[in-house]
Amino acid sequence: MGDPEVRYRRIQRDYQMAIRIYNTETKQLEEFKPITPGEVKMYVCGPTVYNLIHIGNARPMIVFDTVRRYFEYKGYKVNYVSNFTDVDDKIIKKANEEGVDSSVISERYIKECKKDMADLNVKPATTHPQATQEIDGMIEMIQTLIDKGYAYVVEDGTVYFEVDKDPQYGKLSHKNLDDLQSGFRSIQVTGEEQKKSPLDFVLWKPKKEGEPYWDSPWCQGRPGWHIECSVMSRKYLGKTIDIHAGGEDLIFPHHENEIAQSECANGVPFVHYWMHNAFLNIDNHKMSKSLGNFKTVRDIDAQYDPQVLRYLMLSAHYRSPLNFSADLMESARASYLRIVNCMDNVDFLLGKASAQKLSDAEAGLLPESEKFRQEFEDAMDDDFNTADALAAIFDLVKWINSNVNGSTSKEFLAKAKDLLLTLTDVCGLIAERAPEADEDETARIEQKIRERQEARKNKDFAKADAIRDELKSEGILLEDTKDGVKWKKA
């Protein structure tokens, strides 16, 4: 994060241009005020690991990774926690089908998930807790809820949270409890007849044959889904946190139940700002296995650079529904390549530039670049509007392309490159590609290009064409530009 003194001075300055967040609970844009100055405590619900992650999983991963990156850009220290649900009916079902322990399934897909996240340039969380490693904490919180009268145990050892005991239940989803009671009565699940109310939800459930289980004061069994996030959030971030985030499908009942458990157990507010991303559709239809339009991140990576998918996810505001289609992916690819090609050109010119210091004209021109940084920050300060932030990046790209050429100084090029890299990095977009060849191969190719240029100078076009063809046969493509010859691998 650099010099702490510089970081905190920047935070102080940025309070005058405060980040505003749309809070799902209040349905309002609110100025972000951290619990601890200079720090952000952020929890993001992670995937249930029973299969490869799909592109719907990828949207919150990318969106909230970008939120984290922007806080860090503004100088905050971010404690970012995102869990893996590694015990669940789907995991158990897959394990039984394969005849293996459920931990084999979960560990396999945690590993695959981390690979996909790395490909999408999603930074690892500060902590990635797993549900099965936090069972003791869950038992402790459940016992606290029982002791305080918010939960009860039925004959078979199932523990339920009693929703009627929490007068604030429904405050996140803004659902009417009477309507919910009526609706839940009509769909009550067999085996839940011992509930005091249809809305009561499971904190602990008895083991079934072929399932993993743990000892508890009530029965051998395993936790309900909702309790894990309450426990992990408290353990790694504290009883009250700044931001809790996830997909809008988690608002009810998962996040609603988290609030009830956490606030009743801990006796303090749980979350200051709730953030939820909208759904991802495919070809204007809800993504569904039954419709045959279910796509994993790995499916997309087979066709596109993962950065193209990341770009697409950021091309719309996170609270707006986003449609995935082949046409939009092609558009995202073209847009992403505009950024990469701009950076490639700057790097190419840096390698050829003879002048070191700014010219007078460049010194007068350079301050213009800061307006693009300001446009970018204004967009991100406004509830992380990545669509407008990308527009600011493209304004910068256009400005760079218009103002650099073969006579541009190294200092000007370096400053332009630094700004472009800084802004794209906040979005998690990799603007500068790794070298396409090692030093020896690069030196050989550059020598061939010099020989070709010498042949052209001597009007030996047959030799020049032969060198071009030789390189092309090796997968090396040449491009003659006004600033010199560029090359790339096909």
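The pair K115-D301 does not meet the salt-bridge criterion, since no charged nitrogen lies less than 4.0 angstrom from a carboxylate oxygen. Ion pairing between E263 and K171 holds under the 4.0 Å rule for side-chain N and carboxylate O. A salt bridge links E72 with R68: the closest approach of a Lys/Arg side-chain nitrogen to an acidic carboxylate oxygen falls below 4.0 angstrom. Ion pairing between D382 and R20 holds under the 4.0 Å rule for side-chain N and carboxylate O. Between D395 and K371, none of the side-chain N atoms (NZ, or NE/NH1/NH2) sits under 4.0 Å from a carboxylate O, so this pair counts as no salt bridge.
Under the 4.5 Å side-chain criterion, counting only non-hydrogen atoms from C-beta, Y336 is not in contact with L312. At least one side-chain heavy atom of C229 sits under 4.5 Å from a side-chain heavy atom of C45. Contact annotation: the side chain of P253 never approaches that of F201 to less than 4.5 Å [non-hydrogen atoms, C-beta and beyond]. Put simply, the side chain of Y304 does not reach to within 4.5 Å of the side chain of L309, judged on heavy atoms.
Using bins of under 30°, 30° to 60° and over 60° for the plane-to-plane angle, the ring pair W274/H276 lands in the parallel bin. Using a 30° and 60° split on the angle between ring planes, Y73 and F376 fall in the perpendicular class, above 60°.
For R319 and Y22, the positive end sits near the middle of the six-membered ring, less than 6.0 Å away and at most 45° from its axis. Cation-pi geometry between K175 and F252 is satisfied (NZ or CZ under 6.0 Å from the ring centre, within 45° of the ring normal).
To the nearest 0.5 Å, atoms OG1 (T26) and OH (Y273) are separated by 9.5 Å. How far CZ of R333 is from CG of L337: 5.0 Å, rounded to the nearest 0.5 Å.
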Would D88 and W225 satisfy side-chain contact (heavy atoms from CB on, under 4.5 Å), going step by step from the backbone distance to the final call? CA-CA 8 Å; D88 174 88; W225 173 39; 5.6 Å; no
After noting the C-alpha distance and the side-chain angles of L280 and M313, does the key distance pass the side-chain contact (heavy atoms from CB on, under 4.5 Å) rule? CA-CA 9 Å; L280 177 73; M313 295 294 187; 3.9 Å; yes
Is there a side-chain contact (heavy atoms from CB on, under 4.5 Å) between V297 and I300 once you walk through the steps? CA-CA 5 Å; V297 170; I300 305 306; 5.7 Å; no
Residue pair E330, D327: steps toward the side-chain contact (heavy atoms from CB on, under 4.5 Å) verdict: CA-CA 5 Å; E330 285 299 324; D327 287 345; 5.7 Å; no
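D381 and Y70 form a side-chain donor-acceptor contact under 3.5 Å, judged by distance and modelled atom types alone. At a cut-off of 3.5 Å, with distance as the only test, a side-chain donor of Y236 or E134 sits close to an acceptor on the other residue. Defined by atom type and a distance below 3.5 Å, a donor-acceptor pair is present between the side-chain atoms of D383 and Y318. Side chain to side chain, D425 and T422 fail the donor-acceptor criterion of an N or O pair below 3.5 Å.
Of all non-hydrogen atoms in N121 and G428, the two that sit nearest each other are ND2-O, 2.8 Å. For the residue pair P47 and C113, the shortest heavy atom distance occurs at CG-SG, 3.9 Å. The two residues A431 and T424 come nearest to each other via the heavy atoms CB-OG1, 3.6 Å. Closest non-hydrogen pair, L172 versus I259, comes out as CB-CD1, 3.6 Å. Nearest heavy atoms, I339 versus I393: CD1-CG2, 4.1 Å. Across every non-hydrogen atom of T48 and I91, the tightest pair is CG2-CD1, 4.0 Å.
Ring pair F384/F71: centre-to-centre distance below 6.0 Å.
The side chain to side chain contact (heavy atoms under 4.5 Å, CB included) test with M343 is passed by exactly one of L421, I430, I400, V397: L421.
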